[in-house]
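In what follows, every chain begins at residue 1, and chains take the letters A, B, ... in the order their sequences are listed.
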Amino acid sequence: MLKIGEYEFNSRLLLGTGKFPDFDIQRDAVLASETEVLTFAVRRMNIFEPSQPNFLDKIDLNKYKFLPNTAGAKTAEEAVRIAKLAQASNICHMIKVEIIGCDKTLLPDPIETLRASEMLLEEGFTVLTYTSDDVVLARHLEELGVHAVMPGASPIGSGQGIINPLNMSLIIEQSNIPVIVDAGIGSPKDAVYAMELGADAVLLNTAVSGANDPVKMAKAMKLAVESGRLSYEAGRIPIKRTATASSPIEGMSF
Amino acid sequence: MLKIGEYEFNSRLLLGTGKFPDFDIQRDAVLASETEVLTFAVRRMNIFEPSQPNFLDKIDLNKYKFLPNTAGAKTAEEAVRIAKLAQASNICHMIKVEIIGCDKTLLPDPIETLRASEMLLEEGFTVLTYTSDDVVLARHLEELGVHAVMPGASPIGSGQGIINPLNMSLIIEQSNIPVIVDAGIGSPKDAVYAMELGADAVLLNTAVSGANDPVKMAKAMKLAVESGRLSYEAGRIPIKRTATASSPIEGMSF
Amino acid sequence: MLKIGEYEFNSRLLLGTGKFPDFDIQRDAVLASETEVLTFAVRRMNIFEPSQPNFLDKIDLNKYKFLPNTAGAKTAEEAVRIAKLAQASNICHMIKVEIIGCDKTLLPDPIETLRASEMLLEEGFTVLTYTSDDVVLARHLEELGVHAVMPGASPIGSGQGIINPLNMSLIIEQSNIPVIVDAGIGSPKDAVYAMELGADAVLLNTAVSGANDPVKMAKAMKLAVESGRLSYEAGRIPIKRTATASSPIEGMSF
Amino acid sequence: MLKIGEYEFNSRLLLGTGKFPDFDIQRDAVLASETEVLTFAVRRMNIFEPSQPNFLDKIDLNKYKFLPNTAGAKTAEEAVRIAKLAQASNICHMIKVEIIGCDKTLLPDPIETLRASEMLLEEGFTVLTYTSDDVVLARHLEELGVHAVMPGASPIGSGQGIINPLNMSLIIEQSNIPVIVDAGIGSPKDAVYAMELGADAVLLNTAVSGANDPVKMAKAMKLAVESGRLSYEAGRIPIKRTATASSPIEGMSF
Amino acid sequence: MELLINGTKLEVPKTIKTITELIAHFDLKSPVIIVEHNEVILKSGEHEHVQVQDGDKVEFVQFVGGG
Amino acid sequence: MELLINGTKLEVPKTIKTITELIAHFDLKSPVIIVEHNEVILKSGEHEHVQVQDGDKVEFVQFVGGG
Amino acid sequence: MELLINGTKLEVPKTIKTITELIAHFDLKSPVIIVEHNEVILKSGEHEHVQVQDGDKVEFVQFVGGG
Amino acid sequence: MELLINGTKLEVPKTIKTITELIAHFDLKSPVIIVEHNEVILKSGEHEHVQVQDGDKVEFVQFVGGG
């Protein structure tokens, strides 16, 4: 059971909603993933295109918890404003602090991220913070009281998976709050790996929406997260340099 | 649908039967794995311990296809003898050619492995050959007519996973017969990876039998193989050095 | 030519002075490394052991620039005090900001590190900051005006080398000040790699002092840093998945 | 001192002679590399271009030992013929057995390679065999009596470096003859790594001839091989997961 | 009257008195319409009560796909 | 009579005439019993027909756990 | 008189008047001796001028091996 | 007379009697010229003694850059 703030989830897969080929494929992918948490971005409406379709029309709003992000913010103050706008929607259960510090790599700004998390906690939000894999920064975020830390595996949308498994596992070991691996997951093997390291959950978007078959990939990711969690609980074998026979030696010399 | 010789399987996970804590755990693990193929070794009986329990008593023999191995053989001739002994059991559907060339690493002998495969094909066996990840050797085996090539990911029981994904994928690309990644799988992430590379199946033993909770790990491996296959079919995103935003740029400057 | 603040160096290898077997081996290693910069820690004297030997007696003080570190500090204020003590020695040319945020991993505290760097710049120090490989944090440090950023390759003394070459190269690409890879270098291959990524220099200690033969390893590191720099300047070949013949095809069918 | 058959070398870098921009750059690169062994391919002359320049005119033939390869051969018999042609040159000191089994990957054919090595040993050649990193195959080659085994790090010209360091080090550990890492070296860090694993030498071509500045890269490779050898002899520090302070704890609480 | 809506100056009929009427005027249909009126973020319940006047600044914001 | 069974010389009663009786004598219970008689591997159906005589060499082999 | 030196209370002869004399008293030989006197860090040139009195707090600090 | 040289039929003057003369005829200058004459590989010393006749098969081979 994954617990974030006051919420409890059976699924350990959080899904982004960007860049799907179309809303029908997206709905099917969301259903196939069996996710219970959907992220969104907050953006100005185009008032000259009155009836723009919106993915929210495609799903049962009561079946999901919503995690809008503060993407677009470059400062803590901008992030807080976006969070408050999201809050006014009445379907903002949690807020994903995302403050980009580099347009090319979309890597987070540790200073503004820390400030925004503190300000949003004071405002009473349930705060999930997207951060780099800086181990001490993750601890500072936990000390502030964030409800989950979400270290990036690699740059957003890069599909490089977990570049630094050491930092990731150090963050997991030190944390008393959920650790959600966010950004950079490229395929199910990355998701399994994150869960095997002991992550509480995985948040991904492009790996599913950008796959040739997003619905099938969503199913694959669901299985991957379950498999990785089971593996973590089951306790994997140690890695050895030399071999260990699986067939017995006794009774061989016949 | 996995086809090996005349056999068809829904499961793409082949399971070894060595070194489980006890037969009840082993039976539950076999069931949890949903495997349809079990490997065995062929060994002399201890005639002074008449009623030794045997795992075959624990399972429904009709529900599985059996893949005895030639482990213990150091030459092609020894391998052929072991195979013929296995055949006399009446429950030998396929034979796993396994000729170890190094006691420390348990790595296969390419020359004897090739000879044994040829001799067993002439004897009419359905031959699955455990081999190194030597790409040209795998092609020679296919040219001989083996029913599946089984390149090792890393040394038996080492749990190091796929050390050389390039060779593994080159073998997969060149092969017109099933490629089954055998040996070295340490955890579900390795199994997913093998399947994402396009392997037709995975054969493992220690990763399950040596886990703290073999039954739970067997379930994790079942999900991993399914996830990896779905991922391969779904077509993963390309790996990029730089990031790609999952949240849109439009309507951000508010 | 490596330029840090007002100083210029021919050698791109900075050497720590901790944990050598004895001062004679250490002196020989320092000479073999051909380093021009030595780091030190600042510590209370043991006044009850009056004439404790000190490595400074072993070397020609005029031949080196000294880079005392602030190790031991947990806050910016403590770091500033240690820096000022070092300054009173009259042989403190530069200061290495090192504020540990985790006793187990010895990873730096990004917040206190940033604060200390700012305070020491105001005090007029030549500041070289040991930091994590957080890309945006490195940019903030450069914006403050530090004279060099020193991202860690992996935890101090772990010898794991560069775990995250992507972050390291992103820091190198974005920086207009020297980037010195500090901490985690385990062997010459790691030093060459750092230099091939475009680092301006490498700072290491345990890799030399902890080697079985520190003097020989110091020589190896000197050559490694030179080799890596030359390689960076020479421009390596691209990495290709498939092969490219080095022997010609023409005139082969004889 | 590197000993191959009856020959002794101070340099542990063997250099290929293919694909340099021009002969002057190549000569300067050969000199900068300080190699003592040059490889060549054997090809039909173009008799209609009488006076084609040839690199052999550019160097002092007495200063080098020549290692022509059998590239172009697809069978042992073809390899033997090429070797005998090379021998008739009077400057063939050693022969590099190279029998490609796959045109796309240029990976060697283990069976024909083994046969050719045996035939050439019977003919009295000093035989250096290019092989895959199949550990048992390397042992078979040593048992035949080859004078050096030359396992590939990765496909020829791919610049991927050592994909499987485990197999490479297992080959090195088991061998009583020189192990020369051949093919796939992309940059000095790969050459250092090969030498740190304990390889006796490195053979490369494209990494130098294909660099933007081949002469500078040749120098870098010379330093890399020396550095890697020194590092192997000096004994690197163990790799640890956790950190080890290089600055002392004592006297810190001031 | 003239309003500054999502950064653009727009002329709208004087007959429009509330945010709700303004939403209707533009026929905005998004399941989640978030409104900021003169720098003040409105609760969804407030839309029908909040009066708009000439020169007001209004932001219409919504949820869109994002990761 | 004396038989060489699994590499060990063993004295067994003359009354034992067939492989099947030999299996019964040793009370071998493995679900899969593979027998090699004087270097000849027997089909399971042959066990009751194959005669054993003094000096014969017999191997009893089975499946055990392996990977 | 009593001084607090490197955190330890120590009785030293009244005859000691300056930091330089104090260094001599303890026979401190490190090539680099850094002194903090009553929370004030001294320049090396100041050692002979700075007076020590009963109750003063003195820190003797040096460079040691570090990375 | 006609020779098969490096796989090509070529007409050369009857005046050419030896491999050495053939090399001269084609003005081959490579520092290392390896010759195979009617499937027989020649030692370099043999070039001037080996006679060429109409219909002979000759291969001229050299060292080229390779890895």
Contact winner vs chain D - B:V135, B:D109, B:V136, heavy-atom pairs under 4.5 Å: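 Result: the option with the highest number of such pairs is B:V136.
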
Quick check for you: to the nearest 0.5 Å, what is the distance between [X] atom [atom1] and [Y] atom [atom2]?
X      : Y      : atom1 : atom2 : result
D:K84  : D:L120 : NZ    : CG    : 8.5 Å
D:I177 : D:R139 : CD1   : CZ    : 12.0 Å
D:E98  : D:D182 : CD    : CG    : 7.0 Å

Let me know if B:L166 has heavy atoms under 4.5 Å from chain D in its side chain, its backbone, both or neither.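 Answer is side chain: those atoms of B:L166 sit under 4.5 Å from chain D.
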
B:E112, part contacting chain D, at a heavy-atom distance under 4.5 Å: neither

Can you say whether [X] sits under 4.5 Å from chain B via the side chain, the backbone, both, or neither, judging by heavy atoms?
X      : value
D:L107 : both
D:I100 : neither
D:Q160 : side chain
D:L170 : side chain

Donor-acceptor under 3.5 Å (D:E196 side chain, D:V192 main chain):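 Answer holds: no.
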
Any Lys/Arg nitrogen of B:R81 or B:E77 sitting under 4.0 Å from an Asp/Glu carboxylate oxygen of the other?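 B:E77 and B:R81: not salt-bridged.
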
Going by heavy atoms in the side chains, are D:P21 and D:P214 under 4.5 Å from each other? yes

